[in-house]
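Encoded as structure tokens, the structure appears first; notes follow it.
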Protein chains: 4
Amino acid sequence: MRVKDEFKQESLFNATVKLVNKIGFVASSVSKIAKEANVSPATIYIYYTNKEDLLVSTYVNIKKNIGKAVLNDFDPSLPIRDILKKLWLNMFDYITRHPDLFQFTEQFSNSPYCDLVNKEELEKSFEPIIKVLQKGIEQKIIKDVNFDILATFMFYPIFVLSNARLCNNFQKNEKNIETAFQLAWDAIKL
Amino acid sequence: MRVKDEFKQESLFNATVKLVNKIGFVASSVSKIAKEANVSPATIYIYYTNKEDLLVSTYVNIKKNIGKAVLNDFDPSLPIRDILKKLWLNMFDYITRHPDLFQFTEQFSNSPYCDLVNKEELEKSFEPIIKVLQKGIEQKIIKDVNFDILATFMFYPIFVLSNARLCNNFQKNEKNIETAFQLAWDAIKL
Amino acid sequence: MRVKDEFKQESLFNATVKLVNKIGFVASSVSKIAKEANVSPATIYIYYTNKEDLLVSTYVNIKKNIGKAVLNDFDPSLPIRDILKKLWLNMFDYITRHPDLFQFTEQFSNSPYCDLVNKEELEKSFEPIIKVLQKGIEQKIIKDVNFDILATFMFYPIFVLSNARLCNNFQKNEKNIETAFQLAWDAIKL
Amino acid sequence: MRVKDEFKQESLFNATVKLVNKIGFVASSVSKIAKEANVSPATIYIYYTNKEDLLVSTYVNIKKNIGKAVLNDFDPSLPIRDILKKLWLNMFDYITRHPDLFQFTEQFSNSPYCDLVNKEELEKSFEPIIKVLQKGIEQKIIKDVNFDILATFMFYPIFVLSNARLCNNFQKNEKNIETAFQLAWDAIKL
DNA sequence: GATGAATGAGTGTTCATTCAT
DNA sequence: CATGAATGAACACTCATTCAT
């Protein structure tokens, strides 16, 4: 029998990301994605159970990679500020190197498909980061406030600033990134 | 000559907001909106040139109202921190009183229709606020950094914290709102 | 506004009957029926809620007409045998004049759509006939046996004999019909 | 040289009957039948030329078995009524013991695939029965009428009465079966 | 012989929009 | 102004069958 073609799966992954970035989630129909991947629409249903599965799987795939990239060289023994700064740099680095993958996750996060993701599983990738914030609170280095508030100031700015639609004047150079991190730190530090 | 029916237009506005909130942007077809508004699909094309126009107009309409609400009792003579805090409170107040309208704008902001909005025109509503920040910079009260960075820390947290999908642990009570503002202020203040 | 086109509905009815007879229920897709009726597939959904509705409605429509035709000149005061014979003749007459409509009902009766019909409502059309049989039993003219058995010998032979696929040697001439009725009568009479 | 796997063929036969009975002819796709039989869809095309062949072969297979079962203990020297009664009892016995196989033939008989069966070959299995009727006619025991009429009253009632969809009040007990046979006999006897 | 991958053609249905009144 | 009828194009998905191994 024929063997599952590794190339086809990768081709589908790339086509999905590319098309969603180009024309958006709504307009990205199964047949258009198939055409972009040079594959029959029916073939998609060999690799994924349905459209939802294709999109969610693509998202989860990317998100896990981001998790790995962000936690690269993670060293919990460093000062808290240094740990968080490293995370920022890693994240911006990832976005700079894979703008298309990042853009896909941004679009996905705001699509109705987002609700179908197993959030708990994904959050595991980011648990070490949460623990850092908690340690900071215990050590009276970080403000002891509602965790949603902390997260909003520590993490969302990265996504907002990296989103070209929202911030088209922000250059992702070293100086700007460091400045932005300084504001985030000033926000949460005691 | 008959006049365009004010009531019908309002009915369409409400139907659009309600349906998009209930079933999402993708599922909100012209005929469903028409049915929700007790109007023929064809009638929509009397008041709006097409579906896009209907949605964009609805968005712009809300956004301008938000602008007014936020600038209510705007007093440029107050201390800068007080001005900004008043803006925060006004914004949260609006979101609390019109959760459906706010939810619509959130959904719209992440739909492909968003790109069709004349951003410059909308930003006029928020110009006074921008001037406040600029004054703060001149007076060495606020950090002199890229404006996108300032905006990210001063304004987006409101939307993130108010978005139930993103922050389901954040209660919009007075204490939390004040705490959140304090973080925003700590971020941008010199 | 445009008015619902009586011609279109009739055209759809005819196309449905014709196509189902020609290529069978399974192969009769919505788009093929639409093409046969010179109508857009979407138009079908104005007149019927879905394919099932189209087929079931067509069937019920025919079945009610058959009911009327069979009970034409129904006279309960006649001798029981004469009443039943009249029904036979009426039924064969209908089948002879509308072979396509009859064929459709035969095909429908053996399709899965059959289960979707409100049987009770349809049986109302045939209630007078049932009462005749019951009267015959009471008057000791007809055998007092399970009603399914009576019906099987009194009514189904008409359909079997009229079904070209099952009986291709049976000519629907007066003599044959009378002979067949004689057998049915011999079967059920005491 | 490898031989066609007897087990696989049987497995396919059972799967076909089971699935068609469970979900109907229309929904029984080749791949579903393959899955039910724990076999690859491609394997079916080793044993049968196509889907049609699979279904028709399954039908003919069953039909021939029915023929054998019905003619079990066939004794042409008995009185004609006794011969026919024995056939009735054999048939009802078969249906009682193999309701699934019988149900399959009923479904098949009303599917478009039915037209593809070589009827003449099948009728050979039932030739002895036909001869009995002819002998009855010659001996002035059975009415000398069109053969389709005789067959309609002698054989079809069995199928009608055994079909749960058509007759849900008929219990296949000895008394009912004998009563039904009596009506059939009354119909055809002189 | 046996298989799962692969596919073009098809399914029922909904869409944004226009037409005729 | 207002409408429901009408539609071609598109949708997600499944089909019977063939291919490469």
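Here is the naming used below: chain letters follow the sequence lines, and residue numbers restart at 1 for every chain.
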For this session: Please figure out whether C:Asn50 or D:Thr43 has its closest DNA chain E nucleotide nearer the 5' end.
Result: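 First, find each residue's nearest nucleotide; the 5'-ward one identifies D:Thr43.
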
Exercise. How do B:Val26 and D:Ala42 order along DNA chain E: which one's closest nucleotide is nearer the 5' end?
Worked result: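 With B:Val26 and D:Ala42 compared, the 5'-side residue is D:Ala42.
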
Exercise. How do B:Asn38 and A:Thr49 order along DNA chain F: which one's closest nucleotide is nearer the 5' end?
Worked result: B:Asn38

Problem set entry | Residue mapping more 5' on DNA chain F - nearest nucleotide basis, C:Ile44 or D:Ser28 |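 So the residue in question is C:Ile44.
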
For this session: Measure distances between side-chain N and O atoms of C:Ser29 and base N and O atoms of E:dG10, and say whether any donor-acceptor pair falls under 3.5 Å.
Result: no

What's the [atom1]-[atom2] distance between [X] and [N], to the nearest Å?
X       : N      : atom1 : atom2 : value
B:Tyr48 : E:dT18 : OH    : P     : 17 Å
A:Lys35 : F:dA12 : NZ    : P     : 13 Å
C:Ile23 : E:dT11 : CD1   : C1'   : 13 Å

The side chain of [X] is closest to which nucleotide in this list: [options]?
X       : options                : answer
A:Pro41 : F:dA2, F:dC13, F:dC15  : F:dC13
D:Val30 : F:dT17, E:dT18, F:dT14 : F:dT17
D:Ile46 : E:dA6, F:dT7, E:dT3    : E:dT3

Problem set entry | C:Lys63 NZ/CZ over C:Phe159 ring centroid, <6.0 Å and within 45° of normal | yes

Exercise. Mind checking whether C:Phe25 and C:Tyr113 have parallel, tilted or perpendicular rings, split at 30° and 60°?
Worked result: tilted

For this session: Looking at every strand, decide which applies to D:Lys32 at a 4.0 Å heavy-atom threshold: base, sugar-phosphate, or nothing.
Result: sugar-phosphate

Problem set entry | Nucleotide paired to E:dC19 in any strand shown, Watson-Crick or G-U, under 3.5 Å |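 WC or wobble partner is F:dG4.
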
